[in-house]
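Below, read A as the first sequence line, B as the second, and so on, with proteins coming before strands; counting in each chain starts at 1. Atom set for the values below is all heavy atoms of this structure, side chains included, hydrogens, waters and symmetry mates excluded.
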There are 2 protein chains.
Amino acid sequence: MTARVTATSIVDAIANDLRTRILEGELTSATALTETDMAASYDVARPTAKAAIEKLVAEGLLVRGAHKSARVAELGPDSVRDIYQARAYLESEVLRRLALTCTVPEEAVQANLDIAAVAGGSALDVVEPDMRFHTSLIDAVGNERISRMYRSLVSEVRLCMVRVQSLNLLDTALIQAEHQRLLELIGEGDGAAAAELLDEHLARARERLAAAIGGEAGPEAHLPSSLHRV
Amino acid sequence: MTARVTATSIVDAIANDLRTRILEGELTSATALTETDMAASYDVARPTAKAAIEKLVAEGLLVRGAHKSARVAELGPDSVRDIYQARAYLESEVLRRLALTCTVPEEAVQANLDIAAVAGGSALDVVEPDMRFHTSLIDAVGNERISRMYRSLVSEVRLCMVRVQSLNLLDTALIQAEHQRLLELIGEGDGAAAAELLDEHLARARERLAAAIGGEAGPEAHLPSSLHRV
DNA sequence: TATTGTGTTTTTGTCTGTCAAGATGAGAAC
DNA sequence: GTTCTCATCTTGACAGACAAAAACACAATA
């Protein structure tokens, strides 16, 4: 287990690098991701860059029309609503099932402790342990397909978050307290209450995120560039 | 709405054709899907066939290792368990939410009537309206991501079903009656009971399918070809 | 006989180069 | 000022080619 071989293909490597750059906010929907440009910047052939781009399009991080260059997906308030609703559907049912056996995942407890640890730091530092808390709950059921679906949603959430610069709308103490309460309810076997609390927990985050995205000059009301040069 | 334009790309067309051929059982895991063969049979270039294959690999219908030709995915009893568990997670929560507003989708009612209509026909005729019943419930929430996730699971279920030739294990009358009861419970607003009944409904189907797949000479215990020529 | 090693064949991964089709934007004509 | 046409950019798809990796068959050896 010491020397893990990294036998990944070139297009996978490019897709992974692009994905991290997208989720870090380095690439926004303002820049067009041309196949030839990507091929040139990574020093590979155009088909290779094309394959990497299509991979991310399939994941939903990039969008592209026919004969048009790919761009980072623009997620409006309605998309935020869809994403968080899907999260709530999956996760609330997971909490119900975990409560049936009173299973409290150890990683979730640790992740919530990590949230408290970074309470004084930047608001962005809260995102990672927060996501880890939720994904560890999902992974606790041990279902590969459910974990994959949830991870896809989480990456879309992160895609939304890199767009809003002021993440001060996160109340770290409240988040951590609600997480704690969720774990307690699961431990007590009260799945219905846990599902209900999770609904409120996610609905609150959803509203703040939707407002932050929708508040800035319209969600996906792409102004034609002709209106910009008034 | 009379002349729907078919402006789909070549690789999409090939992928769609391959998908139907897979779900109809024409292509099984016994035949290797070589890129050059696919390119020759569809009279396209190899990169085009490659893109179509990779699309289906991303969907989970095909599996492929590095430098190995693609094959139709082989889903064992454990995969059946995962798939049906994911279905149950999604759909039971959907039923709960539908029951909150006592929303009974009209298409679901119609689909269940269609099940009764084909009661005398082949057992395969039951699969289509049965799937339509469930997907119409999912689509009733109007969430694109949830619908997409569920459809992915449904196609995997169909992939399992084409492997078991004797589908006489389907009790049409029981299925139709349980569907009817589900709709009634939703209409009465009893989400908890609906979710519970759905769990049993899916668990029954899962057990039959897993038994039918696991019973035939082992799930993914691929015998090496050297043992075949004794 | 069983096992190991080698060489060949098949198949994929990736590159180079090319042409056609569609979309975008600029400029001319009215 | 509006509309039409055209040039340019970008993608879609093709052809051909080479390298790498896996699988298979076969021979050599303990």
Side-chain angles (χ1 to χ4, degrees), chain A residues 4-18 27 29-59 61-74 222-230, chain B residues 4-18 27 29-58 61-74 220 222-230:
Chain A
R4 170 178 290 266
V5 201
T6 161
T8 172
S9 122
I10 292 185
V11 19
D12 281 345
I14 296 179
N16 290 336
D17 187 64
L18 274 181
L27 298 174
S29 63
T31 72
L33 268 53
T34 304
E35 290 184 358
T36 53
D37 287 354
M38 303 307 304
S41 71
Y42 282 103
D43 198 38
V44 295
R46 188 164 72 95
T48 307
K50 178 192 188 67
I53 289 177
E54 279 170 353
K55 207 167 156 72
L56 295 184
V57 168
E59 290 182 20
L61 270 68
L62 295 181
V63 289
R64 171 164 66 165
H67 293 100
K68 295 207 297 184
S69 54
R71 305 188 98 88
V72 174
E74 192 95 7
H222 254 182
L223 304 182
S225 58
S226 56
L227 290 186
H228 273 189
R229 45 172 178 186
V230 190
Chain B
R4 169 179 288 269
V5 200
T6 161
T8 173
S9 114
I10 292 184
V11 13
D12 281 344
I14 296 180
N16 290 337
D17 186 64
L18 273 182
L27 298 174
S29 62
T31 72
L33 268 51
T34 303
E35 290 185 359
T36 53
D37 288 353
M38 304 306 305
S41 70
Y42 282 103
D43 198 37
V44 294
R46 188 164 73 94
T48 307
K50 177 192 189 68
I53 289 177
E54 279 170 353
K55 207 167 155 71
L56 296 184
V57 168
L61 270 67
L62 296 181
V63 289
R64 170 163 68 164
H67 293 279
K68 296 207 295 184
S69 55
R71 305 188 97 88
V72 174
E74 192 94 9
E220 36 219 327
H222 256 180
L223 302 182
S225 59
S226 57
L227 290 185
H228 274 188
R229 46 173 181 186
V230 189

Checklist line | Euclidean distance, atom CD of residue A:Glu35 to atom C1' of C:dG22 [Å, nearest integer] | finding: 14 Å
Note to self: What's the closest nucleotide to the side chain of B:Ile10 if the choices are D:dA13, C:dT16, C:dT24?
What the structure shows: D:dA13
Item checked: Considering all heavy atoms, the nearest B:Ser29-B:Val72 contact -> CB-O, 3.3 Å
Notebook entry, point to check: Taking atom P of C:dG13 as reference, at what distance in whole Å does atom CG of A:Asp12 sit?
Noted result: 10 Å
Notebook entry, point to check: For A:Lys50 and D:dG12, is the shortest distance between a side-chain N/O and OP1 or OP2 below 4.0 Å?
Noted result: yes
Checklist line | Closest listed nucleotide, where the reference is the side chain of B:Ser69 and the choices are D:dG12, C:dT11, D:dT10 | finding: C:dT11
Check: CE of B:Met38 versus C1' of C:dT11: gap in Å, rounded?
Finding: 15 Å
Margin query: Between A:Asn16 and A:Asp12 (side chain of the first, backbone of the second, donor and acceptor by atom type, cut-off under 3.5 Å), is there such a pair?
Written below: yes
Notebook entry, point to check: Is there a donor and acceptor pair, one atom on the side chain of B:Arg46 and one on the base of C:dT14, closer than 3.5 Å?
Noted result: yes
Check: How would you label the contact of A:Pro47 with the nucleic acid (heavy atoms, under 4.0 Å): base, sugar-phosphate, or nothing?
Finding: base
Note to self: Can you see if the side chain of A:Arg64 gets near the phosphate of C:dA23 - specifically, an N or O under 4.0 Å from OP1 or OP2?
What the structure shows: no
Item checked: Residue-phosphate contact under 4.0 Å: B:Ser9 side-chain N/O, D:dA13 OP1/OP2 -> yes
Item checked: Minimum-distance nucleotide to A:Glu54 side chain [options: C:dG13, C:dA23, D:dG12] -> D:dG12
Check: Would you find a donor on one side and an acceptor on the other, under 3.5 Å apart, between the side chain of A:Ser9 and the backbone of A:Val11?
Finding: yes
Item checked: Side-chain donor or acceptor of A:Arg71 paired with backbone N/O of A:Ala30 under 3.5 Å -> yes
Check: Just how far, in rounded Å, is P of C:dT12 from NE2 of B:His67?
Finding: 10 Å
Note to self: Return whichever of A:Val11 or A:Ala66 has its heavy-atom-nearest nucleotide of DNA chain C closer to the 5' end.
What the structure shows: A:Val11
Next item on the list: Take the protein atom NZ of B:Lys55 and the nucleotide atom C1' of D:dG12, then report the distance between them rounded to whole Å.
Entry: 14 Å
Margin query: What is the distance, to the nearest angstrom, from the CG atom on A:Leu33 to the C1' atom on D:dT11?
Written below: 14 Å
Check: Of the nucleotides C:dA23, C:dG13, D:dT11, which one has an atom closest to the side chain of A:Lys68?
Finding: C:dA23
Note to self: Ignoring hydrogens, what is the shortest heavy-atom contact between A:Ala32 and A:Ser69? Give both atom names and the distance.
What the structure shows: CB-OG, 3.6 Å
